[in-house]
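Quick notes on the structure that follows.
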Amino acid sequence: MVVRSIVPRLGYRYRLHVRSLPGSPDLVFPSRRKVVFVHGCFWHRHQKCLRTSSPKTRREFWEDKFAANVKRDRSARRELKRMDWAVLTVWACELKEPDKLTERLTDFLSDPQDSK
Ligand SMILES: [Zn+2]
C-alpha cells in the first residue's frame, strides 16, 4: 500500500486501523489528533472520479449500498470532528501520484489547526 510507504517517512508516530474511533480510520496520529481515511473511489463514491462508475444492472441494490457507505463515512467524519479530531480523506486514485499525495499528507499533518 502506497500510503504505508509514504507515512513512515513523514516522521510522525501513527497507528493503523483504530477500531475504537468512529469509522475505524486507516491512519491515526494521536499526538497530532489527526486521522486519515483511505477510501476506494468506487465503494465510497469519489465525486467526479472516473473510477466511480455505476453498475448497469441491479441499480437499486447498488444505489442503496453506495448511499449507506457515503452516509456512514459522513457520520464518522462528523463524529470525529466533534471529538476534536482533524480528518483527511485520501482517495485510492490519488495513490497513483505519490509526490502529490506526500505533499497533501505533509500539509495536513503539519498544520496545527487543521480541520479539513
Ligand atoms: Zn477517485
Side-chain angles (χ1 to χ4, degrees):
M1 193 165 142
V2 183
V3 175
R4 284 198 204 171
S5 71
I6 293 173
V7 170
R9 281 188 265 134
L10 302 177
Y12 297 103
R13 299 193 60 154
Y14 66 98
R15 290 165 59 204
L16 296 169
H17 308 296
V18 179
R19 292 188 197 285
S20 54
L21 287 173
S24 307
D26 296 286
L27 296 160
V28 176
F29 300 84
S31 64
R32 313 293 298 167
R33 213 163 169 82
K34 294 179 187 212
V35 305
V36 175
F37 286 102
V38 183
H39 281 342
C41 300
F42 179 77
W43 286 108
H44 296 269
R45 309 319 277 168
H46 188 196
Q47 295 298 306
K48 292 180 192 144
C49 175
L50 291 173
R51 296 182 178 195
T52 308
S53 58
S54 291
K56 299 276 179 284
T57 57
R58 302 181 71 198
R59 250 209 168 95
E60 219 164 295
F61 166 81
W62 289 108
E63 291 307 326
D64 286 353
K65 225 172 172 49
F66 293 147
N69 284 345
V70 170
K71 197 174 159 199
R72 200 178 311 122
D73 292 343
R74 196 184 304 134
S75 71
R77 277 200 304 272
R78 198 182 305 132
E79 197 62 26
L80 284 160
K81 282 177 188 172
R82 198 177 297 145
M83 293 161 70
D84 232 20
W85 289 87
V87 181
L88 178 74
T89 300
V90 167
W91 295 97
C93 61
E94 295 181 75
L95 306 180
K96 284 200 297 188
E97 294 182 88
D99 291 346
K100 236 173 163 175
L101 181 56
T102 304
E103 206 178 301
R104 250 190 107 200
L105 286 167
T106 307
D107 285 353
F108 174 67
L109 292 171
S110 59
D111 189 338
Q113 274 300 318
D114 209 301
S115 58
K116 262 171 254 172

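No hydrogens, no waters, no symmetry mates; every other heavy atom, side chains included, goes into these values. Every number for a ligand or one of its atoms is a count from 1 in the order of the listing.
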| request: Please list, chain by chain and in numerical order, all residues satisfying side-chain contact (heavy atoms from CB on, under 4.5 Å) with S110, sequence neighbours excluded. | output: Y12
| said: Going by side-chain contact (heavy atoms from CB on, under 4.5 Å), name the residues that satisfy it together with R13, two or more places apart in sequence or in a different chain. | reply: none
| request: Determine whether H17 and D26 make a side-chain contact, defined as any pair of heavy atoms from C-beta on separated by less than 4.5 Å. | output: yes
| Lys/Arg-Asp/Glu bridge criterion (N-O < 4.0 Å) met for K100, E94 | no
| task | Go through the structure and list residues passing side-chain contact (heavy atoms from CB on, under 4.5 Å) with R19, not counting sequence neighbours. | result | S24
| message | Quick check: do H39 and D73 have side-chain heavy atoms less than 4.5 Å from each other? | response | yes
| query | What protein N, O or S atoms come within a distance below 2.8 Å of the Zn ion (ligand 1), ordered by chain and number? | reply | C41 SG, H46 ND1, C49 SG, C93 SG
